[in-house]
Engineer: 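Please read through the structure below; I'll follow up with questions.
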Amino acid sequence: MKKVERINTIMRYINNRAYFTISEIMREFNISRSTAIRDIREIEAMGMPLVAEVGRDGGYSVLTNSVLPTVRFTDNEIKALFIAFMATRNKQLPYLKSRQSLAEKLLGLISENQQEDLVHLNQILLFEGTNPNNPDLLELSDLPHPMLEKLIGIILLDNQLLITVNEENVIKSYPIYLLHLYHEKGIWMIEGFDFMDDKRRIIPVDNLTDIKLYPAKERLSKKKILDKLCRQEEVMNLVIELGPKAIAQFRKYHPIKASIAYTDPYQTTAILKTFINVNNPEERAEMTNWLLFLGGDIKVREVPKEVLEGLQERLTVYSP
């Protein structure tokens, strides 16, 4: 644990106690006596009201009605927060309607020298979606669809939803179990399992016209929904692993309404599971072309023999 993180954790630990000893801090945080004493002195210097009690069993007590001091950030932590905030421009993220207010509060926590560093960074760093002629200008598209925040608020309560969608001027409603909410090519997408029709659906948030919690009396148990999902997984006949180059190709174009599941925190590997209707010649040909489009950075775990034969034919044509 880094020093700044350890000190912040110790502050919270002792703030919830009326009395503590150096030995207790040593055991709790696995640090030496000298380190514990040094950390306590630093916490005192930051303004936490501690009273030392002398004697063999002496320790420290925290004054009652004391307020926990403001958490302090290092220079690099402040820069990391500010750069991450800058990078969210024009990304259609929820809860960012008042960027000016958030920026002012962040700047109010730091020193004048740190503020000057951030102003300088704001002038020289440009991210995708930033107007180079006016870096402070936010495009109108910066705000997401108003349904996004409502959707997030509802899924924090439950994943079983009744959504109403406008599909080519036709209003339809689906009962779904929400699996993922993700952002792709500037559009927020819902990946959900329609537990009435037993099929996955990928729906743009922009198409939503209404969202409700599914009626409690008609809900299925989570176990039953997961059982339905497992049965559906069994009928998926295309399973491929994607490397970084194939992921880049997938982001450029994918004809199927399916999402990839990243298998590492850096989003450099992923897995795709879907169903191909091999009885549909057009769909079979389209998927063959698309697999070739993904390139050689894929590993095929499972593929219908009809598609595999199509791939082999195409590769034979291309080979010298």
Side-chain angles (χ1 to χ4, degrees), residues 1-17 20 22 24-52 60 62-63 65-139 141-144 149 152 183 244 262 264-268:
M1 185 184 294
K2 294 182 179 179
K3 180 181 177 182
V4 173
E5 182 183 353
R6 185 181 70 244
I7 287 179
N8 282 332
T9 308
I10 292 175
M11 288 168 65
R12 281 160 175 73
Y13 177 82
I14 63 181
N15 193 63
N16 292 324
R17 285 160 176 76
F20 67 94
I22 293 293
E24 183 182 347
I25 298 297
M26 291 167 58
R27 289 193 305 271
E28 187 70 27
F29 296 93
N30 195 25
I31 55 178
S32 66
R33 184 177 185 82
S34 59
T35 299
I37 293 173
R38 191 162 52 245
D39 286 351
I40 294 300
R41 286 176 179 169
E42 192 163 334
I43 290 171
E44 285 184 290
M46 293 170 68
M48 179 168 272
L50 302 179
V51 178
Y60 293 84
V62 184
L63 289 181
N65 299 322
S66 62
V67 178
L68 187 65
T70 304
V71 175
R72 301 181 187 275
F73 296 100
T74 66
D75 284 347
N76 285 343
E77 287 171 338
I78 289 170
K79 291 183 179 70
L81 285 171
F82 188 73
I83 290 172
F85 186 60
M86 290 170 61
T88 63
R89 283 176 173 154
N90 301 314
K91 297 297 183 183
Q92 296 187 345
L93 298 182
Y95 307 114
L96 281 181
K97 293 179 181 177
S98 182
R99 287 176 175 273
Q100 186 67 28
S101 173
L102 288 168
E104 288 175 357
K105 288 179 180 178
L106 177 61
L107 292 173
L109 295 173
I110 60 180
S111 67
E112 289 187 9
N113 288 337
Q114 290 171 325
Q115 290 179 19
E116 290 176 2
D117 287 344
L118 298 191
V119 170
H120 188 51
L121 282 174
N122 189 47
Q123 293 170 345
I124 62 175
L125 288 177
L126 294 179
F127 294 89
E128 182 182 0
T130 305
N131 185 332
N133 298 316
N134 186 353
D136 293 323
L137 179 67
L138 297 178
E139 303 293 343
S141 63
D142 187 54
L143 293 179
E149 288 187 16
I152 293 175
H183 192 255
Y262 293 104
D264 77 313
Y266 302 103
Q267 298 189 352
T268 57

Engineer: Check this for me: D264, atom CG, are more than 12 non-hydrogen atoms of other residues, nucleotides or ligands nearer than 6.0 Å?
Structural biologist: yes
Engineer: Among residues at least two apart in sequence or on other chains, which ones pass side-chain contact (heavy atoms from CB on, under 4.5 Å) with I37?
Structural biologist: I22, R33, R41
Engineer: Kindly indicate, with the supporting measurements, whether the criterion side chain to side chain contact (heavy atoms under 4.5 Å, CB included) is fulfilled by I40 and F20.
Structural biologist: CA-CA 11 Å; I40 294 300; F20 67 94; 3.7 Å; yes
Engineer: Using the ring centroid of each side chain, check whether F29 and Y13 are separated by less than 6.0 Å.
Structural biologist: yes
Engineer: Is any side-chain heavy atom of D39 closer than 4.5 Å to one of I25?
Structural biologist: no
Engineer: Taking all non-hydrogen atoms of both residues into account, name the closest pair between A36 and I31 and its distance.
Structural biologist: CA-CD1, 3.7 Å
Engineer: Working to the nearest 0.5 Å, report the span between CG of L93 and CD of E149.
Structural biologist: 10.5 Å
Engineer: Do R38 and T35 have side-chain heavy atoms sitting under 4.5 Å apart?
Structural biologist: yes
Engineer: I want to check something: taking the side chain as every heavy atom from C-beta on, are D75 and D117 in contact at a cut-off of under 4.5 Å?
Structural biologist: no
Engineer: Side chains of I14 and I43: closer than 4.5 Å at any heavy-atom pair?
Structural biologist: yes
Engineer: Between atom CE of M86 and atom NZ of K79, what is the distance when rounded to the nearest 0.5 Å?
Structural biologist: 13.0 Å
Engineer: Please name all residues satisfying salt bridge (Lys or Arg N to Asp or Glu O under 4.0 Å) with E24, sequence neighbours left out, ordered by chain then number.
Structural biologist: R17
